[in-house]
Amino acid sequence: MEIRHQLQDQLKRLKMPGLSQALDLRLAEARDQKLGHLEFLSLLIQDELANREDNMLGKRLRAAGFGVQRTFEDFDFRFNEEALPASMLRDLATCHFIAQRQNLVIGGPPGIGKTHAVKAIGHEACRRGYQVLFRTTQKLLAEVLSDSEERAQRILRRAVAVDLLILDDFAFRKLDQREAEMLYVLAEERLGRTSTVLTSNRPPEDWYAIFPDAVVGGAILDRMVSSAIKMITTQGKSYRREVLGAQNRVIGTNADD
């Protein structure tokens, strides 16, 4: 027992919690299966690596700022197959477009699953080791134009540097001059270096109208949208209304009963 306690203390000092937590299980496994020393050591190292990878994934997911997390495991691919083709979403889930530094634009009516889809893509990116930042467009602009210069600069540096920047609800409202200029900075700094995802409820022909300056607006859209992968539809069923709304009505009915 003294050696056991000494080993646990040493593992703690070495900051190897995965190995420490799995030690008893692996010792029993080694005895039962008569594992050799190298096999036993290999299993312990695998446990430590898995623990570290899980911790790093957790940190990447928290840093991304998804809020309510969404994954493709709970995405209904069949509900809006025509608006959001499953084959295209599954291809985007491989994150090849991030490796190729391509942008992505998903546009369509509210409620069809755009935000769920891009959060799920962001989750897959985090699983693959990419740094991700998720924000609504308005929230990110508010943060990088904050009165707190230190916080604004920190957010701006991160928004420029992450492998995948997801801007939800793009073109939600008209931008003022400062917001448009900041969006141009982001578009210019990220061009050809990283990937940006935009979602929008408005059709593309309405996007130019949100900018106070047509020249700046054209430059932003050219950098963010012109060569992007596009999944844009004018139709689609509202999952929020038809499925979640129906579930809420059923719950409400049961509650009344």
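The CG atom of Asp76 sits 11.0 Å away from atom CG of Leu84, with the distance rounded to the nearest 0.5 Å. Between atom CG of residue Leu198 and atom CE of residue Met224 there is a gap of 5.5 Å, rounded to the nearest 0.5 Å.
Between the Glu81 side chain and the Arg78 main chain, no donor and acceptor come within less than 3.5 Å of each other. The main-chain N or O of Arg223 is never found under 3.5 Å from a side-chain atom of Ser226 such that the two would form a donor-acceptor pair. A donor-acceptor pair is defined here as one N or O able to donate and one able to accept, closer than 3.5 Å; no such pair exists between the side chain of Lys139 and the backbone of Thr137.
One finds a salt bridge joining Arg127 and Glu124 here, because a Lys/Arg side-chain nitrogen approaches an Asp/Glu carboxylate oxygen to under 4.0 Å.
Relative to the ring axis of Phe211, Lys174 does not place its NZ or CZ within 45° and under 6.0 Å from the centre. Within the cation-pi definition used here (under 6.0 Å to the ring centroid, within 45° of the axis), Arg70 does not qualify as a partner of Phe75.
Here the side chains of Leu57 and Cys126 are in contact, with some heavy-atom distance below 4.5 Å. Residues Val160 and Leu165 form no side-chain contact, since every pair of their non-hydrogen atoms from C-beta on lies 4.5 Å or further apart.
Between Ser146 and Arg151, the side chains place no donor N or O within less than 3.5 Å of an acceptor N or O (distance only, hydrogens not considered). Under 3.5 Å, the side chains of Thr194 and Asp163 contain no donor-acceptor pair of N or O atoms. A donor and an acceptor atom, one from each side chain of Thr71 and Glu73, are located under 3.5 Å apart. For the residue pair Gln138 / Arg173, a side-chain donor-acceptor distance below 3.5 Å is found, with atom types taken as modelled. In the model, Asp168 has a side-chain atom that pairs as donor or acceptor with a side-chain atom of Thr199 under 3.5 Å.
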Verdict with reasoning, Phe172 to Phe170, per ring pair (Phe, Tyr, Trp, His ring centres under 6.0 Å)
CA-CA 5 Å; Phe172 183 74; Phe170 178 73; over 10 Å; no
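Within 6.0 Å of atom CD in Glu150, 12 or fewer heavy atoms from other residues, nucleotides or ligands are found, so the atom counts as exposed in its surroundings.
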